[in-house]
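Reviewing the structure listed below.
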Amino acid sequence: MGVSAIKKLIISILVLSLFVGIANIPEIILEKSIKVKYIRPVQQTIATKISGSGKILSTAKSEIYTDTPVYTDEVYYCVGDRVEKGAVLADINTDATLNILTSSSPLETNINKICEVVSKLPNPDMLYLLGNAYGIAEKDIDELFKSAKYTTSEKKISYIQPDIISPINGVITEINISENVLSQSNTPAIVVCNTDETIAVVKINQEYAKKIDIGMSADVFDENFQTKGVVSQISPIASENQIGRPTVDVTIKLENDNNFKIGYCIEAEIDTSSNHDVLTLPVAAIRQDGLDEYVYTITNGIAEKKKIIVGDESAYCSEVISGISQDDLIIISNKEIKDKQRLFIEGELINEKRPKE
C-alpha cells in the first residue's frame, strides 16, 4: 500500500469518528440532563385554617344542689329525658331525712372523739403524715372530718325541701340521687342542660391559639355531620393536654346544631385568614435553604434558582408574594437539582385550584 493510500485511509477514519461523535452528542447531553416536570403558578383565594378537637356542650347548664343530704322517695326522670322549667324531678321524704340527720350514730360519735384528739395534737398535720404512712390521701381525711358537722349538738335544721324542681328547660344529663337512699349534698343531685343552643369547645395548641380572634368563621364536623360556626370566646388561661403541652379552649357558636348532641366528640377548622386572588404554588414546589425559600424555574431548558417570599399557607399551597411571575415554569420534583443545570422536560403538571381551602 502506497503512502498516498495510507493517508486516505487515515483521513477516512478521522471523518467517520467525527460523524459518530456528532451523532452521539444528544445521548451524551441527555445523560447529563435531569428529567423534570413543571407547573405554572395559579391566582386563587387561599385560606389558612387551624384545627382542633373538642366536644359539643350546652350554653346553659344548671347543677341542682340540696342544702343537706336528702332521703329521696321517688325520681321521676332518667338521664336523657327532656324537662320543662318548673317540672318536679324528684320527691324528698322530709320526715325520714330529718330523722336521719338529727340522730347520732356510733360512727359520728367515734369521729367526734377523733376530732377532739386531733385538736389537742401539737401539730395537726401529724394526722396527714400518719395517713400517708397507711396510703390514705389528705383529701380523704378531710372528707372524713367534714362528715362530722352533722353531730347532734350542731344540727339545727329548720327546713328540708320537699322536692327537686328544674330551674330551666332542657335535658337531664346527670342524676346523682337514688330512691330510698340518703344522698350527699356536696355533689349536684341532678344536672339539667339547655339543648336549644349548643356550642363547640375545642382545644387549640398554644402556638396556634394566638392567631385566632373572636368572630372568625369555623367548620365543625364529625364522621356524619358538618355545620358552620363563629368563634365566640377564647379562654384567657391555658391548660395542659395529655402530653403536657399547653392548650387554649376556644368556643364556637354553631349556626345549625340540630344534628349534634351534647357530649358528641367533634373536630373544628377555624379560618384565621383569607387572601383573595393571590399567586400560589403547591407546597411541594417550594424548597428551603436555611431560612430562605426558593424555587427552580425553567429558562430555555436550563434550571434557574429564584429566591421567593411566601405569605399565607394552607395544607396544600402557599401564597407567593414576590420572586416569580404567573408566566414562570416552576420545576416540581423531589430530585436534587443544581442552578444552571440542563433539563429534560417531561411535561406539565396541572396546578389545580383548591377553592375549599
> Any salt bridge (charged side-chain N to carboxylate O under 4.0 Å, His left out) pairs touching residues 80-97, not counting sequence neighbours?
Replying inline: none

> If you take all heavy atoms of D339 and E304, which pair is closest and at what distance?
Replying inline: OD1-CA, 3.4 Å

> Looking only at heavy atoms, what is the nearest atom pair of I331 and A303, with distance?
Replying inline: CD1-CB, 4.1 Å

>> Rounded to the nearest 0.5 Å, what separates atom OH in Y65 from atom CD in Q184?
In response: 13.0 Å

> Any donor and acceptor pair, going by atom type alone, linking the side chain of E255 with main-chain N or O of T227 inside 3.5 Å?
Replying inline: no

> Is there a side-chain contact between P41 and V320, using heavy atoms and a 4.5 Å cut-off?
Replying inline: no

> Which pair of heavy atoms, one from L329 and one from R40, lies closest together, and at what distance?
Replying inline: CD2-NH1, 3.3 Å

> Atom CG of N186 and atom OG1 of T66: how far apart are they, to the nearest 0.5 Å?
Replying inline: 9.0 Å

> Is M216 linked to I214 within one hydrophobic cluster, defined over Ile, Leu, Val, Met, Phe, Trp and Tyr using a side-chain heavy-atom separation of less than 4.5 Å?
Replying inline: yes

>> According to a hydrophobic-cluster definition based on side-chain heavy atoms being under 4.5 Å apart (Ile, Leu, Val, Met, Phe, Trp, Tyr only), do I302 and I337 belong together?
In response: no

> Atom CD1 in I234, atom CD1 in I252: separation rounded to 0.5 Å?
Replying inline: 10.0 Å

> Under 4.5 Å between any side-chain heavy atoms of E319 and V310, yes or no?
Replying inline: no

>> For a 4.5 angstrom cut-off between non-hydrogen side-chain atoms, does I199 reach Q233?
In response: no

> Distance-only, no hydrogens or angles: does the Q288 side chain make a donor-acceptor pair with backbone N or O of G290 under 3.5 Å?
Replying inline: no

>> Using a 6.0 Å cut-off, check whether atom CD of E336 has over 12 heavy atoms from anything other than its own residue.
In response: no

> Side chains of Y71 and N180: does their closest heavy-atom pair fall under 4.5 Å?
Replying inline: yes

>> Do I262 and V83 sit in one hydrophobic cluster, given that two such residues count as connected whenever their side-chain heavy atoms are within less than 4.5 Å of each other, even indirectly?
In response: no

>> Under a 3.5 Å distance rule, please check whether S166 uses its side chain to pair with a backbone N or O of I168 as donor and acceptor.
In response: yes

> F221, I204: one ILVMFWY side-chain cluster at the under-4.5 Å cut-off?
Replying inline: no

> Residues in side chain to side chain donor-acceptor pair (under 3.5 Å) with S62, at least two apart?
Replying inline: none

> Does some side-chain heavy atom of R287 sit less than 4.5 Å from a side-chain heavy atom of K305?
Replying inline: no

> When rounded to the nearest 0.5 angstrom, what distance separates CD1 in I330 from CD1 in I324?
Replying inline: 4.0 Å

> Does anything in residues 205-231 pair up under salt bridge (charged side-chain N to carboxylate O under 4.0 Å, His left out), and if so which pairs, sequence neighbours excluded?
Replying inline: K49-D219, E207-R245, D219-K228

> Considering residues, nucleotides and ligands other than Y294, do more than 12 of their heavy atoms fall under 6.0 Å from its OH?
Replying inline: yes

> Are the side chain of E269 and the backbone of S51 linked by a donor-acceptor contact shorter than 3.5 Å?
Replying inline: no

> Is the count of non-hydrogen atoms from other residues, nucleotides or ligands lying under 6.0 Å from N300 atom CG greater than 12?
Replying inline: no

>> So which atom in V220 and which in A268 form the shortest heavy-atom distance, rounded to 0.1 Å?
In response: CG2-CB, 4.3 Å

> Looking only at heavy atoms, which two atoms of S318 and I286 are closest? And how far apart?
Replying inline: CB-CD1, 3.7 Å

>> What verdict does the side-chain contact (heavy atoms from CB on, under 4.5 Å) test give for I172 and V191, after you've listed the backbone C-alpha separation in whole Å, the side-chain angles of each residue and the deciding distance to 0.1 Å?
In response: CA-CA 6 Å; I172 295 176; V191 178; over 6 Å; no

>> Could you measure the distance from the CG atom of D73 to the CD1 atom of I92? Nearest 0.5 Å is fine.
In response: 9.5 Å

> Short question: side chain of D328, backbone of S325 - any donor-acceptor pair under 3.5 Å?
Replying inline: yes

>> Within the structure provided, determine whether N176 and P188 are in side-chain contact (heavy-atom separation under 4.5 Å).
In response: yes

>> Are the side chains of V248 and I212 in contact, using a 4.5 Å heavy-atom criterion?
In response: no

> Under the side-chain contact (heavy atoms from CB on, under 4.5 Å) criterion, do L89 and I64 qualify, and how do the steps go?
Replying inline: CA-CA 10 Å; L89 308 181; I64 308 170; 3.8 Å; yes

> Below 4.5 Å, heavy atoms only, C-beta onward: do T187 and E174 meet side chain to side chain?
Replying inline: no

> Any idea which heavy atoms bring G52 and E267 closest together, and the distance?
Replying inline: O-OE1, 3.4 Å

>> How long is the straight-line distance from OG of S239 back to CD of Q206, given to the nearest 0.5 Å?
In response: 11.0 Å

> In terms of hydrophobic clustering (I, L, V, M, F, W, Y; side-chain heavy atoms under 4.5 Å; direct or indirect links), are F225 and V202 co-clustered?
Replying inline: yes

>> side-chain contact (heavy atoms from CB on, under 4.5 Å), that's the test. Do D249 and K203 meet it? Break it down for me.
In response: CA-CA 5 Å; D249 284 349; K203 294 187 178 297; 2.9 Å; yes

